[in-house]
Amino acid sequence: MAEFPNVPVVEDRKYEKDQIVVAESDTTSDIDDSAKKVKALVWKQDLRIIPLSATVYMLCYLDRANIGNAKTLNSSIHHTLLDDNHMTNYQYVVALMVFLIPYAIFEVPSNYYLKRFRPSRWIAFLAFSCGATTIGFGATKNFGGVTAGMFPGLIYHQTFWYRVDERSFRVAILLASATISGAFGGAIAYGIGHMSGYNGLSGWRWLFILEGVPPCLGAILIWFFLPDYPETANWLTAEEKALAKRRLAAEGSKGDGKNMTWVQIRETLMDWRLYAHYALYFGIAVPFSSLSLFTPSITLGLGYHDLMAQAMTVPPYAISYIVTLLVSWSADHFNARALHCAVFALIGAAGFLASALLPAHAYLPRYGALIVAAAGGFSCIPPLIGFLSSNLFSTAAAGLAIAINVSVGAPGQIAGVWIYKPKEAAKGYPTGHWTNAGLLFFVFAGAVAMRLYYGLLNKRLMRKGLEEGKRLFKY
């Protein structure tokens, strides 16, 4: 039977009211006042953390989104990334694979240094490095994954500020910002494509140069304005700091918590149930990566050409942005992350399945299927991450497991760069669509299985009675 973590437990005689635990003896007025204070505190935190985090992550993700755009930008005049660097499609795929390898290597140590050096300092370093490297893309033949650490770092940072049932929607805002970067990336690429030849530079070079500047500027904002922990936030009153600490006593990471020890690392690595979460994230990483990097190529194969292929990448991303936010809000509101993940993984699988089965010349239906696949595939990721983070019960476990989870996704992303084969463009990329459909069916089945497994563990625990220091799993 699974071991249960040693954290404070909420006893049966208490209940939760708008994110704060309230004793039954409290008056209705006290409950209402407490709920209002909590809502005011969370809103105050949101204004300080979420817009800044989401904006900087979107700016940093643009380099990755536009690697796919650079491959097809200005193809009619033979000034694409491949043409200028005399690369074959095979070499392009190898370059993408090399670009993604650092994500598998550096996610875990990055979260360790985030806690060691303070979130604002480490995330600012990552953002500046990302922007500087993106500018360098405009004059280089090589690529490297400097954005490694950004996504798990921002998720880990949220565990210091928000409770379990507040995280999925806020993770969704981060992920949706990456999704909308795909829409912006296509629109920006369309505009910058007209600069090809200006000052002797191809359009794809201008694309990277101009998009590398905003992350560098965003790093300055992160350094000075991103709050580290509730305990050290000078814009919170003493009463608000105490309330934040009480709210997160059993469900949040602690700013004053110790850095990871080898004992904690071993305990987290030996918690076998976490590997099921990692496997599900691997399953979603393949379609997420392949769509992020190959949507311009897919739209090019749908009968759209050159700059119009860039413009037609916007609707799938824009619709996915809206769907992702709605799904994640619902997952938190109904406290049903596993089922939301399962349902929308199934919808994404259906979209890819339709793309694989439709004739290659059925451009309009296949474009609609691409939108369904993107909306389903992208929107199930925040509930999946929330499902994991809600079942991590210490600061050290949260930092390590979240980083491992994203690291395990990196091999999936590497696999994603190989499944959309250029030689299959005329056939409609069947290998890519079949692979993504199969993996999303796996995510669907796995999420349902984990929901049932945690439910059985909770029933078993409740029958025996909650021991001190134990808590139920959440799903």
Side-chain angles (χ1 to χ4, degrees), residues 54-73 96 134 147 150-151 169 171-193 204 207-208 211 214-215 284-304 306-329 344-345 347-352 354-355 363-364 366-384 413 416-417 420 429 432-433 436 440:
T55 300
V56 171
Y57 185 59
M58 178 191 71
L59 296 174
C60 290
Y61 201 86
L62 276 173
D63 72 319
R64 186 165 165 183
N66 276 321
I67 291 175
N69 289 321
K71 179 176 181 282
T72 59
L73 188 63
L96 290 181
T134 301
T147 50
M150 180 68 73
F151 188 49
F169 180 67
V171 169
I173 294 176
L174 290 179
L175 185 70
S177 70
T179 303
I180 206 66
S181 76
F184 285 150
I188 293 170
Y190 178 81
I192 293 179
W204 71 267
L207 184 65
F208 286 126
E211 289 184 348
I284 192 57
V286 177
F288 179 75
S289 174
S290 59
L291 283 178
S292 298
L293 296 171
F294 287 95
T295 296
S297 296
I298 295 171
T299 56
L300 194 65
L302 290 174
Y304 302 103
D306 203 4
L307 295 181
M308 184 54 65
Q310 315 297 324
M312 293 306 292
T313 65
V314 175
Y317 284 115
I319 293 171
S320 296
Y321 176 83
I322 297 170
V323 174
T324 298
L325 292 179
L326 292 175
V327 169
S328 300
W329 174 86
F344 284 88
I347 291 173
F352 280 116
S355 296
Y363 295 139
L364 189 59
R366 286 175 55 216
Y367 186 69
L370 173 64
I371 292 174
V372 173
F378 288 165
S379 64
C380 72
I381 299 177
L384 184 61
Q413 296 179 55
V417 308
Y420 282 94
Y429 300 104
H433 295 321
N436 284 336
L440 284 173

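Just so you know, these numbers come straight off a predicted model, no measurement behind them. All residue numbers in this chain count up from 1 along the given sequence.
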* Can you name the nearest heavy-atom pair linking Gly377 to Ile284, along with the distance? -> O-CD1, 3.3 Å
* ring-ring contact (aromatic ring centres under 6.0 Å, His included) partners for Tyr321, two or more places apart -> none
* **Parallel, tilted or perpendicular: rings of Phe378 and Tyr317 (30°, 60°)** => parallel
* Measure the shortest side-chain to side-chain distance between Tyr367 and Pro315 over non-hydrogen atoms and say whether it is less than 4.5 angstrom. => yes
* Could you tell me whether a side-chain N or O of Ser379 sits under 3.5 Å from a main-chain N or O of Thr324, the two making a donor and an acceptor? => no
* Describe, in one word, how the ring planes of Phe151 and Tyr57 are oriented to each other, choosing from parallel (under 30°), tilted (30 to 60°) and perpendicular (over 60°). => parallel
* Do Leu440 and Pro287 come close enough that some side-chain heavy atom pair is under 4.5 Å? -> yes
* At their closest point, which heavy atom of Ser328 faces which heavy atom of Pro382, and how far apart are they? -> OG-CB, 3.2 Å
* Structure fact -> When rounded to the nearest 0.5 Å, the distance separating CD1 of Ile381 from CG of Leu174 is 12.5 Å
* To do: Flag the pair Asn436 / Tyr429 as yes when at least one side-chain heavy-atom distance between them is below 4.5 Å, and no otherwise.
  => no
* With sequence neighbours excluded, tell me which residues meet side chain to side chain contact (heavy atoms under 4.5 Å, CB included) with Val372. => Ile347
* If you take all heavy atoms of Ser320 and Ala375, which pair is closest and at what distance? -> OG-N, 3.2 Å
* Asked: Which distance, rounded to the nearest 0.5 Å, do you find between the CH2 of Trp329 and the CD1 of Ile173?
  -> 13.5 Å
* Heavy-atom side-chain proximity of Pro383 to Val327 below 4.5 angstrom -> yes
* **Nearest-0.5 Å distance, OH of residue Tyr363 to CG of residue Leu370** => 14.5 Å
